[in-house]
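Remember, it's 1-based here, ligands and their atoms both numbered in the order they're listed. Note that the numbering runs from 1 along the sequence shown for the chain.
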Amino acid sequence: MHAFFAPGRVNLIGEHTDYNGGYVLPAALNLGTWLFVRKRSDTRLRFGSSSFSKVVDVSVRGITYDPADDYANYPKGVVKEFQKRGFDVPGLDIFYYGNLPNGAGLSSSASVEVATAWMLNHFLNAGLSREDIAVLSQTAENAFVGVQCGIMDQFSVAVGQMGNAVSLHCDTLNYRLVPLQMSGLSIVISNSNKRRGLADSKYNDRRRECEQAFLELQKCQSGIKTLADVQSNRWSQLEGCISDSTIRRRARHVVFENERAKCAPRVLREGDLQRFGQMMNESHISLRDDYEVTGLELDTLAEAAWSVKGCLGSRMTGAGFGGCTVSLVQTDAVELFEEKVRRAYLNRIGYEPSFYVTEAGDGVRDVTEEVAR
Ligand code: GLA
């Protein structure tokens, strides 16, 4: 029996910029998915999970998407990607145990995918790098599950390091680690407990809207390769190139959010956490008004957070349409923060949010020895 762990992630800033070739600043969490595996003597793949009662049992040959298999479609997609690359996947019994809330925008699916890919990389001696594992896992989600997600989640889950965020340029996949030296401050995740299904959300619509914006902008400014190539200081000259006002707002979000995500590592390095907090707030407002992916639950959480003394900034994190916010809070004000946000949310929404005080953790890894101890 072997055991592997892949974390979830929280994105600090740079939302809906990844599939536009821009910058993101996520951090791996210390919450995530444990994968336990043993080889079988036949060619069956059996997937079990602590959060889904059915055992999914398929043959390694002829793997197909089946909505009834729920989460197991993610690892099935990963197996398929290894097979496409010519690897002979053996029969396996795999069990997943996770402590990430599902569908909460903390990348539980990327965590399952990357854990599976890391495990297969190990068993098949495939020699894939962490970056390769991230790209393979994203391809599985795009091609097999049909969600056109960007690379941010899988990448941060694969390369994350304790105490650091990952500043990633999603067009080139160049990245660097950004130390989160925030003494006296805590990263608080507030879960709206409103579930979000990426596949049935408006996520793919936003991608199409961005493609349309890019095509129109490209006619005005040749030489841009992605929407995020548009510089924010050129926006006032270029915005008129986009004929539809909704599409224009979508593009404006991407251009200015990308600027924020690009500057964020410098702001953090300089220790200007007040400024970083303001940038988080600006990000939320842009996602609310221009990108329109927040909704009442996330807006209620963010607004309640903004009113708490000791909260430097707060924004939705992940795809939106439900899920979580991330807030930067003075550690000695966390209790007050939770109390005030809980009360405001309960009053307006009618049920309670959940809170997680988190730290940036390590990326995917083998934990067989740790688990055996
Ligand atoms: C989801 C996707 C990511 C990214 C975010 C929005 O988490 O999986 O690729 O697009 O939404 O920033």
Task: Side-chain heavy-atom pair Val78, Leu136 within 4.5 angstrom cut-off - done: yes
Open item on the list: Do Tyr203 and Tyr19 make a side-chain contact, defined as non-hydrogen atoms from C-beta onward lying under 4.5 Å apart?
Closed with: yes
State the atoms of ligand 1, each with its element, that fall below the 4.0 Å cut-off from a heavy-atom position in [X].
{"X": "Asp18", "value": "3 (C), 4 (C), 9 (O), 10 (O)"}
{"X": "Tyr19", "value": "10 (O)"}
{"X": "Gly150", "value": "9 (O)"}
{"X": "Tyr203", "value": "1 (C), 2 (C), 3 (C), 4 (C), 9 (O), 10 (O), 11 (O)"}
{"X": "Met152", "value": "4 (C), 5 (C), 12 (O)"}
{"X": "Gly318", "value": "6 (C), 11 (O)"}

Task: Heavy-atom pair of closest approach, residues Leu25 and Pro265 - done: CD1-CG, 4.4 Å
Task: Location of contacts on Arg9 toward ligand 1, heavy atoms closer than 4.0 Å - done: side chain
- [ ] May I ask whether Phe36 and Val364 are part of the same hydrophobic cluster, defined by side-chain heavy atoms of I, L, V, M, F, W, Y residues being less than 4.5 angstrom apart, directly or through others?
- [x] no
Open item on the list: What I want to find out is whether Lys219 reaches Glu216 closely enough, with some N-O distance under 4.0 Å, to be called a salt bridge.
Closed with: no
TODO: State whether Arg85 and Glu81 are salt-bridged, where the test is any N-O pair (Lys NZ or Arg NE/NH1/NH2 against Asp/Glu carboxylate O) under 4.0 Å.
DONE: yes
